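Since the structure is predicted, the reported quantities are computational estimates derived from the model, not experimental observations.
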Amino acid sequence: AATIYDDDAPFVQFLSTTLAHVHENEGADRDAVDIYRRIIRAQSRELGQECPAVLLLRTNLGAALAKIDGETRAAAVELNEALATLAATCGPDHPDTAYARSKLAWCDRHDWDPARLRANVDWCH
């Protein structure tokens, strides 16, 4: 018999995060945003809004939003709030904080221009 997992199951959350990354790499940023938001809601309920794992998801959400025309303000809010909370929670030199800082710097380097960001996707940081 097949096992059915609910949306909050860790296995489903892991696969959903992977799917969001695939959507981003394929240029389907709105789909990625929808998935990130769903995962963030579930993880926030389970782990709390200040959990580093949730904050990293918000960092990814912000980067995906930044590539969508008209979403620059929302992207900046997500990235800046996630970075500030990670710095306060984990410390300014923690790898998770550095990751969030790199996403913010990536947006700054491309002047928060969605077209430039889409043309310069680099998820290797």
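Between the OG atom in Ser16 and the CD1 atom in Ile39 there is a gap of 5.0 Å [rounded to 0.5 Å]. Summarising the geometry, atom OG1 belonging to Thr85 is positioned 12.5 Å from atom CG belonging to Asp96; distances are rounded to the nearest 0.5 Å. In this structure, OG1 in Thr97 is found 8.0 Å from CG in Asp93, a value given to the nearest 0.5 Å.
Closest non-hydrogen pair, Ala63 versus Trp106, comes out as O-CZ3, 4.1 Å. The minimum heavy-atom distance linking Ile40 with Leu57 is given by the pair CG1-CB, 3.6 Å. Considering all non-hydrogen atoms of both residues, Gly62 and Ala75 come closest at O-CB, 3.3 Å. Here the shortest heavy-atom pairing between Cys90 and Pro52 reads SG-CG, 3.6 Å. Nearest heavy atom pair, residue Ala66 against residue Leu117, reads O-CD1, 3.4 Å.
In this structure, the side chains of Leu79 and Cys107 come closer than 4.5 Å at one or more pairs of heavy atoms. Residues Lys67 and Thr72 are not in side-chain contact: their nearest non-hydrogen atoms beyond the backbone lie 4.5 Å or more apart. Under the 4.5 Å side-chain criterion, counting only non-hydrogen atoms from C-beta, Tyr99 is in contact with Asn60. When side chains are defined from C-beta on, His23 does not count as touching Arg30, because their heavy atoms never get closer than 4.5 Å. Annotation: side chain of Asn80 is in contact with side chain of Leu104 (closest heavy-atom distance under 4.5 Å). You'll find the side chain of Leu65 reaches within 4.5 Å of the side chain of Arg37, heavy atoms only.
Leu19 is not connected to Leu15 by any chain of hydrophobic side-chain contacts under 4.5 Å among Ile, Leu, Val, Met, Phe, Trp and Tyr, and they are in different clusters. Residues Trp112 and Leu83 share a single hydrophobic cluster, defined by chaining ILVMFWY side chains whose heavy atoms lie under 4.5 Å apart.
The side chain to side chain contact (heavy atoms under 4.5 Å, CB included) test with Gln43 singles out one residue from Leu55, Leu56, Val54, Thr17, and that residue is Val54.
Under the rule for a salt bridge (Lys or Arg N to Asp or Glu O under 4.0 Å), the partners of Arg45 that lie at least two apart in sequence or sit in another chain are Asp8.
Using a distance-only test at 3.5 Å, with no hydrogens or angles considered, no donor-acceptor pair links the side chain of Asp111 to the main chain of Asp113.
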Using the side chain to side chain contact (heavy atoms under 4.5 Å, CB included) rule, take Val33 and Leu61 through it: C-alpha gap first, then chi angles, then the decisive distance, then the call.
CA-CA 6 Å; Val33 164; Leu61 171 62; 3.7 Å; yes

Test side chain to side chain donor-acceptor pair (under 3.5 Å) on His21 and Tyr36; report intermediate values, then the result.
CA-CA 9 Å; His21 291 310; Tyr36 285 132; 3.0 Å; yes

Between Asp69 and Arg118, does the side chain to side chain contact (heavy atoms under 4.5 Å, CB included) criterion hold? Intermediate values first, please.
CA-CA 10 Å; Asp69 294 326; Arg118 286 189 302 269; 3.7 Å; yes

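One finds no salt bridge joining Arg101 and Asp108 here, because no Lys/Arg side-chain nitrogen approaches an Asp/Glu carboxylate oxygen to under 4.0 Å.
Pairs engaging residues 54-65 under the salt bridge (Lys or Arg N to Asp or Glu O under 4.0 Å) rule: Arg58-Glu78, Arg58-Glu81 [sequence neighbours left out].
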